[in-house]
Every structure is written in structure tokens, then in C-alpha cells.
Amino acid sequence: MKRRTTHSHDRSSPSPLLYTLLYSTSSSEAPSGIERERETSEERKREVVERVRVPLGGGDRGWLGLNFYGYPWARKTAKMADHYALGWILASLLALFALFRLFARGKRDGGSPAGSECVKSAVTSDWDSGSADSNADIVIVGAGVAGSALAYSLGKDGRRVHVIERDLTEPDRIVGELLQPGGYLKLIELGLEDCVEEIDAQQVFGYALFKDGKNTRLSYPLEKFHSHISGRSFHNGRFIQRMREKAASLANVRLEQGTVTSLLDEKGTVKGVQYKTKDGEVLTAHAPLTIVCDGCFSNLRRSLCNPKVDIPSCFVGLVLENCQLPYANHGHVILGDPSPILFYPISSTENRCLVDVPGQKVPSISNGEMTNYLKTVVAPQVPPEIRDAFVAAVDKGNIRTMPNRSMPAAPYPTPGALLMGDAFNMRHPLTGGGMTVVLSDVVVLRNLLKPLQDLNDAMALCKYLESFYTLRKPVASTINTLAGALYKVFCASPDPARKEMRQACFDYLSLGGVFSNGPIALLSGLNPKPLSLVLHFFAVAIYGVGRLMLPFPSPKRIWTGARLISGASGIILPIIKAEGVRQMFFPATVPAYYRAPPAQ
């Protein structure tokens, strides 16, 4: 059979379909040989040698080129080759896509890089939210301000957190409704600032002080901050529910309703808690670290601290509706007799009134003694602008009472456990500093735990966390001391020296400038420095003595001045002693201040 010849370029030319795939997207011009190919006759096309490239398994085995000349099935074979080539290309693309999906899924399941600075042990297969005794990193007892903020901040750092709260319904309290600007800054630092949104919270820009028909406005020193930085006042229950929702939104935080009955103690080390669910089932929850923050009524703190609870007074709470306070967006403090009266907004239509009643007994509500006391003793001292609203609130009858507790922090360092919040430290609520202290404590503890990947060495962790008690002192002690001292100064007294101190405090704050900005910066938590507190407190006392010496000193005035200084010392020095002089003023001299994280 005579062999036909063909041009070399014809033998190597791709089929029309392969040509389209190879060149249509990468070049706007086709090779000149192909253009000439399109111009040939039908007979010429039949003579073209189609080269079919058949894969022999890929890799090093290469390709086999088969040339067919003049056979009737050559054109059909070429078309089949085109179809195979197209199928092979599509299959390759699908395979690459499948490999990419498998690789991406493996990357997700593999977790974060090993070199991460903070622990990323978030939800893994052994963290079962339905398990009664899951392998949590931390158990938190209580989901109030302290517990919820701590659960969110630790959960955000990757910890597996199990929170057990006695009652997950919205709390209804008459305190914990005013967050100072310093506390709001801590809320921002924790990423929880949106918890004061959508609850009708009101901005607070300072205080108004009333005494004997006179008043003065004391604004927070917020000039150096953005416009949204201020205090916030709200319904306590709404705020706490928002924080609980925020914490529960994290997959590695488990929020459960139950009553913790005891700590699980094994040879002096706390291993977790025993609790009773809302269905009455008794369960245990184990974790390397248990943080107890179950509030002022804590039944667990006796084994973790030396609780010396003092109850100097009680608050009687009312809600005034649809009335305007004399100074909008300000807290109001009336230096009444026998003790202060507070007003502040808690929503756009409601204002909270807290009447302080000294001692642990209050007039009976059931037999009408309380109503009579509020109308005859308290109402005449209320500013005229809101007196009618106050009486209407009394007549409405929704009167609440609660004891005001004060308790200095006196912890027993315990392996596997830590105290936080009101279970650990309380101060008189007059200055509204409680939540600021709690949120500051949460920031300190979160920063201490952040570099730790393993919490299982209880003794080493306990020794390391002793630094928490020292690092929190400057802020907490300043706010605690101010609350206790200011309450004693603001209470009425028949003692001439105490009367003079009270009047001197009002007049000193009324001077404005540094005389008001300094104390208000302390109260607001914006500048919680112990030394500044002591200087301003004794400056008030010296200011009072100076007033007594004018225009001419007399033996009686000199004696009153001496007793004023003595009384001021008797107010503040015992509080400082209870807080700890060294930890409060010289924390850097405490060895625990420099405690390094345990070796991992």
C-alpha cells in the first residue's frame, strides 16, 4: 500500500477543539498554520494526520503518539479524542477542587498554630455541653457581674468555662445600677461595652450635691476622653442578662442553672464543685481552677477567706416615674439627716431613690412605719422639684430594702480555688464603685491567666495567683476606702467636729477646679490612686480647721479643730489598715507583685 505524505506542520497541528481550549483565553491571534488549515478543502481535511495523544499512566511513562493515514474512521477517532481530552481536563479540575476542599477542612479541624501566645483550647470533641461533668478548664460559681464578665473574657481566650448560677432569671435588685466611667472603660477593655446597649441605659456625667438648701454640680473630668465615655445607669437585671447572653454566645462557655452546695476538696486542693440542678439531681463539676463569685450571700467563702462583714446601714429603695431630676444625667446626693439620700436615672422614664437608714434595723413596711418615716422625715429633705414624685412613689407602695455590707478582702490562698466579686470584697454602695472594682479585678485576673496553657499544677498556680491580690489593691483599696470614709463624713452627727467636717467637705467640693476634679476622679475610677485619696481627705480636714481659725482663733475653735483632725484620722486610718498599708501604697515591695507564671 502506497504511503501518503503530508506536511510536517499538518501532522503536529491540534484538533479544532483542542485549539479552542488552548488559545481562545490566552491569545487573541491564532497561529498562522491553523488559519491556513481552515482554508483548505474538504479533501485536504481528510488527508490531515490527526495525532491522538493517549496517556499511558502519566509520570515518567510519557505519551504515545499514533498517526493514522487515510482510514475511514480517522475523523471519528479525532472527534473521540477531542471528547476524551475535554473530559480529562474537566476531571482534572474537579480533582483539584476536591483536594483543595479536603485541605481547607483539614486546616480548620487542625486548630490554631502551635506558637500562639495565649491558650486556644476552645471547644474540642471532649467538651460536651450536655455532659454533667465535662472536662472544663475553669468552673465559675455565680453569673452576676463578676461571673459573667469573667466567663466571657476567659472563654474569648479559648478556655472551656462551666458557669453554674443559682437562678438564671432576670435579677431584680435595687443596687448595682450605676457604673462609673472607670468601670465603663474596663467594660470596653473586656469587649463588653455593648451590654449597656438596648437596655435603655442612661449616660451619667457627674453628681449634684445638696445640703441645707444649697447645691453644687460636680462633673466627671472627661475632657480627655471620647464623647461616649461616661458613667452608665440602668436596671441591674437587664445589664446582667445582657452579660449572660454575651458569655453564653461563646461555644466554649457552658451556662447552667444549679445551686452549688460545696467545694470538692482533695487533700487541701479544690478540684471542682458539687451542685444540685434545677431538677434536684446532685452532680459534680471538675476543673483545675474553681472561681467563686456567688455574691454577698456566698455560702462558700468561709473556706477561702476570713469574712468580717459589717452592716453599717440599710438602703430603702423606690422608683420615681416620669419626673425630671434637677440636673439631667447626674447622680444626686442629698446630705440629709440622719444619712444621705440618693437619686439617679435608671431608664428614660424612671429614677431610682435610695434612702440610707443607719443601723441594721429599718422601720416596718407591713405596719406602715416605713411609709410614715419616708413622708415625715425624708420627704421634707428632698429637693422641691421632685418632692411630689417622691411622695407618689411612697404612696404607690413598691418599697424595697436591703442591708449595705462592707467586707475587706482577707483571702486564704487555696490551691485550685479563687474568690471574686462581692463574695470576696464589699464596700458601702454610696459611691457606686462596686462594679468598677469587680471589672478591674476581672481584667487583672484575665491578664494573669492569659499566658498559661496548663492550669493543672494547682500548687504552682496558687502561688502565682497570689500576685492577683497584690495587683488589684491600688484600684480596689482606693475605691473601698473612699466609699467607707465618704459615708461616715456624709452622715449627720451631733458632734461639733463631725458637723464641721461634713460642712467642710461640701464647701471644699464646691470650690471647683482641682478641689472637685481630684475627688471626683477618685470616685469615678478614672484616677484611683491611694496617695491622692489621702491627700484630698486630709486637705478637707485642714480646710475645715482653717475655716474655724477665721476671723480669730479661740480656745474652743482650736479644740474643735484638733478634734476635727483627730476625727478625720479616726475615719480613714482604720479603713486603710483593714485594706493593708503595704499592699495599698507600696505594692511593689510585696514579693507576690513580681511573681512569674509557672513553667509550662
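Every value quoted in this text rests on a predicted model; they were computed, and no experiment measured them. Keep in mind that the numbers below use all heavy atoms, side chains included, and drop hydrogens, waters and symmetry copies.
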Q | Asn517 (side chain) donor-acceptor with Pro221 (main chain) under 3.5 angstrom | A | no

**Q.** Charged N-O contact under 4.0 Å between Lys375 and Asp395
**A.** yes

Q) Pick from Leu192, Leu190, Val196: which one makes a side chain to side chain contact (heavy atoms under 4.5 Å, CB included) with Met243? A) Leu192

Q | Salt bridge present between Arg405 and Asp422 (N-O < 4.0 angstrom) | A | no

Q | Check: Leu449 and Leu154 side chains under 4.5 Å, non-hydrogen atoms | A | yes

Q: Taking side-chain contact (heavy atoms from CB on, under 4.5 Å) as the test, write out the residues that go with Ser348, two or more places apart.
A: Asp200, Gln202

Q. What is the distance from atom CG of Asn236 to atom CD1 of Ile346, rounded to the nearest 0.5 Å?
A. 10.0 Å

**Q.** Separation of Arg301 CZ from Met420 CE (nearest 0.5 Å)
**A.** 15.0 Å

Q: Report the distance from atom CG of Asp212 to atom CD1 of Ile334, rounding to the nearest 0.5 Å.
A: 12.0 Å

Q: Kindly say whether Ala521 contributes a backbone atom to a donor-acceptor pair with the side chain of Ser524 at under 3.5 angstrom?
A: yes

Q: Give the C-alpha distance, both sets of side-chain angles, the deciding distance and a yes or no for salt bridge (charged side-chain N to carboxylate O under 4.0 Å, His left out) between Arg242 and Glu197.
A: CA-CA 9 Å; Arg242 287 280 288 161; Glu197 298 172 2; 5.1 Å; no

Q | Of Arg232, Arg352, Arg238, the residue whose pairing with Glu177 passes salt bridge (charged side-chain N to carboxylate O under 4.0 Å, His left out) | A | Arg352

**Q.** CD/Gln324: more than 12 non-hydrogen atoms of other groups inside 6.0 Å
**A.** no

Q) How far does CZ of Phe390 sit from SG of Cys353, to the nearest 0.5 angstrom? A) 5.0 Å

Q.
As a test of understanding, state which of Leu354, Asn351, Val204 forms a side chain to side chain contact (heavy atoms under 4.5 Å, CB included) with Tyr344.
A. Leu354

Q. With distance as the sole test, does Arg173 use its side chain to make a donor-acceptor pair with the main-chain N or O of Gly237 at under 3.5 Å?
A. no

Q) Hey, is OH on Tyr373 packed in by over 12 heavy atoms from elsewhere, all under 6.0 Å? A) yes

Q) What distance do Thr431 atom OG1 and Tyr207 atom OH have between them, rounded to the nearest 0.5 Å? A) 6.5 Å

Q: State the CG-CD distance between Asp194 and Glu245, to the nearest 0.5 angstrom.
A: 10.5 Å

(Q) Treating Arg595 as the side-chain partner and Ser467 as the backbone partner, does any N or O pair qualify as donor plus acceptor under 3.5 Å? (A) no

Q) Given Tyr487 and Asn404, is the side-chain hydrogen bond (donor to acceptor under 3.5 Å, both in side chains) satisfied, shown in steps? A) CA-CA 11 Å; Tyr487 176 71; Asn404 294 323; over 6 Å; no

Q. side-chain hydrogen bond (donor to acceptor under 3.5 Å, both in side chains) with Glu579: which residues, sequence neighbours excluded?
A. Lys473, Ser477, Asn480

Q | Test item: Glu165 and Val141 side chains (from C-beta on) under 4.5 Å apart, heavy atoms | A | no

Q: May I ask you to test the Ser153-Val442 pair for a side-chain heavy-atom distance under 4.5 Å?
A: yes

Q | Pairwise side-chain contact, Leu439 with Leu179, heavy-atom cut-off 4.5 Å (strictly under) | A | yes

Q. How are the rings of His428 and Phe315 set relative to one another: parallel (under 30°), tilted (30 to 60°) or perpendicular (over 60°)?
A. perpendicular

**Q.** Note, Gln381 side chain near Phe210 side chain (heavy atom, < 4.5 Å)
**A.** no

Q | side-chain hydrogen bond (donor to acceptor under 3.5 Å, both in side chains) between Ser440 and Arg472, worked out | A | CA-CA 7 Å; Ser440 176; Arg472 70 177 293 274; over 6 Å; no

Q) Parallel under 30°, tilted from 30 to 60°, perpendicular over 60°: which one fits the rings of His228 and His226? A) parallel

Q. If you measure from the Lys or Arg side-chain nitrogens to the Asp or Glu carboxylate oxygens, is any gap between Arg563 and Glu500 under 4.0 Å?
A. no

